[in-house]
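Have a look at the structure below, then the notes.
Naming: A, B, ... by sequence-line order, numbering from 1 per chain. None of these values were measured; they are calculated from a predicted model.
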2 protein chains.
Amino acid sequence: MVPSDDKRFREKISAIQDTMFVIGGKWKIPVILSIYSGNKRFNDILTSIPKITNRVLSKELKHLEENLLISRTIVSDYPVKIEYAITPYCLSIDKIAKPMEEWGKSHKKEIIKRQINNQKT
Amino acid sequence: MVPSDDKRFREKISAIQDTMFVIGGKWKIPVILSIYSGNKRFNDILTSIPKITNRVLSKELKHLEENLLISRTIVSDYPVKIEYAITPYCLSIDKIAKPMEEWGKSHKKEIIKRQINNQKT
DNA sequence: CGGGATCCACAATGATACTG
DNA sequence: CAGTATCATTGTGGATCCCG
């Protein structure tokens with residue numbers, strides 16, 4: 001590796017790893033999209049996302065709140081009623097969600113194409 | 001959630017999760033960038049990425065090869081000499097790496113800003 | 001209803017050694 | 001050189017129960 005590239009290289013990696021930390025993992029984006037698509041209550045979000053468990057959802061919501069992507073509001077004390085909402089800031093992840101969605105789709109095609117070619121040989 | 005949104009919603013989630021699967025995790029992007037920046041040999045890549053171990057690197061390289069992002073070429077049999085290279089197809093991830101890098105940078109600023117505000121109160 | 005606490009299985013990782 | 005094998009340790013996720 002060229003030494004002069006080193007600093008920029010590491011900064012780049014670091015920035016991308018930061019992003020991965022915030023929205024990476026299996027559930028972050030699904031949770032955000034669930035709330036974005038209208039779900040506000042814990043159990044609604046829970047049931048809207050296949051296979052997620054309440055403990056994991058709880059952790060993810062906390063993580064997202066700490067990273068300013070969603071807000072948590074106590075609507076009523078008794079019975080306890082909480083509402084989650086995405087923050088205006090959260091909309092900025094659209095800039096990465098869109099490319100990721102498109103790339104994911106085209107990549108799937110690419111992999112399928114490869115499999116067909118392998119079968120031929 | 002509105003039922004009519006359901007199908008598109010799940011497709012969107014699925015595509016993004018596919019992307020996360022391919023380039024997600026701690027090391028995928030660093031490995032790609034390392035090769036991109038000129039490292040071709042296993043041990044070069046290994047030492048260029050802080051904290052990665054040879055076992056993890058080995059797994060990541062296999063994963064990336066399976067997903068067509070890098071190529072693995074046996075240059076000489078004895079002594080064994082392998083060369084890794086990024087594929088032309090791999091360049092397509094630039095479309096997501098760039099946005100992720102930019103978002104990561106601006107997000108760090110956002111978090112720092114939040115911390116300063118919290119200290120005031 | 002919105003989670004937290006606990007227990008447990010299994011996956012991931014580090015360290016070290018070893019091989020073709 | 002380019003990895004694998006093995007073992008100990010840690011982390012993470014699911015299942016279940018519980019509480020305000």
Nearest-0.5 Å distance that lies between atom [atom1] in [X] and atom [atom2] in [Y]:
{"X": "A:L61", "Y": "A:I82", "atom1": "CG", "atom2": "CD1", "answer": "10.5 Å"}
{"X": "B:E110", "Y": "B:W103", "atom1": "CD", "atom2": "CH2", "answer": "9.0 Å"}
{"X": "B:I32", "Y": "B:D94", "atom1": "CD1", "atom2": "CG", "answer": "11.0 Å"}
{"X": "A:N117", "Y": "A:R114", "atom1": "CG", "atom2": "CZ", "answer": "9.5 Å"}
{"X": "B:K12", "Y": "A:L33", "atom1": "NZ", "atom2": "CG", "answer": "6.0 Å"}

To the nearest Å, how far apart are [X] [atom1] and [N] [atom2]?
{"X": "B:E83", "N": "D:dC1", "atom1": "CD", "atom2": "C1'", "value": "13 Å"}
{"X": "B:I82", "N": "D:dT4", "atom1": "CD1", "atom2": "P", "value": "10 Å"}
{"X": "B:L57", "N": "D:dG3", "atom1": "CG", "atom2": "P", "value": "8 Å"}
{"X": "B:I52", "N": "C:dA12", "atom1": "CD1", "atom2": "C1'", "value": "13 Å"}
{"X": "A:N39", "N": "C:dG2", "atom1": "CG", "atom2": "P", "value": "11 Å"}
{"X": "A:L61", "N": "C:dG3", "atom1": "CG", "atom2": "C1'", "value": "10 Å"}
{"X": "A:E60", "N": "D:dT12", "atom1": "CD", "atom2": "C1'", "value": "11 Å"}
{"X": "B:N43", "N": "D:dG3", "atom1": "CG", "atom2": "P", "value": "9 Å"}

**OP:** Side chain of A:V56 only, please: which of C:dC1, C:dG14, D:dG14 is the nearest?
**Re:**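 So the nucleotide nearest the side chain must be D:dG14.
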**OP:** Between C:dG3, D:dA2, C:dT13, spot the one nearest the side chain of A:F42, thanks.
**Re:**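 Of all the options, the side chain of A:F42 is nearest to C:dG3.
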Is [X] close enough to [N] that one of its side-chain N or O atoms is under 4.0 Å from OP1 or OP2 there?
{"X": "A:Y84", "N": "C:dG3", "answer": "yes"}
{"X": "A:S58", "N": "C:dG4", "answer": "yes"}
{"X": "A:R72", "N": "C:dG2", "answer": "no"}
{"X": "A:T53", "N": "D:dG14", "answer": "yes"}
{"X": "B:K59", "N": "C:dA12", "answer": "no"}

Subject >> Selection: residues 17-30 of chain B, any non-hydrogen atom under 4.0 Å of DNA chain C >> reply: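 Those residues: none at all.
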Subject >> Any side-chain donor near an acceptor of the partner, A:H107 and B:N67, under 3.5 Å >> reply: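 Result is yes, a qualifying pair exists.
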Original post:
Is it true that the side chains of B:T87 and B:S71 contain a donor and an acceptor less than 3.5 Å apart?
Top reply: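 Checked: B:T87/B:S71 side chains show no N/O donor-acceptor pair below 3.5 Å.
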Going by modelled atom types, is there a donor-acceptor pair between the base of [N] and the side chain of [X] at under 3.5 Å?
{"X": "A:N54", "N": "C:dG4", "answer": "yes"}
{"X": "A:R41", "N": "C:dG2", "answer": "no"}
{"X": "B:R55", "N": "C:dG14", "answer": "yes"}

Original post:
Hey, does A:V80 reach any base, or is it just sugar-phosphate, or nothing, if we go heavy atoms under 4.0 Å?
Top reply: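 Base, at least one base atom sits under 4.0 Å.
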**OP:** Specify the residue among A:P79 and A:K62 whose closest nucleotide of DNA chain C lies further upstream toward the 5′ end.
**Re:**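 In this pair, the answer is A:P79.
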**OP:** Please state whether the rings of A:F42 and A:Y84 are parallel, tilted or perpendicular, taking 30° and 60° as the class boundaries.
**Re:**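 Tilted, since the angle between the ring planes falls between 30° and 60°.
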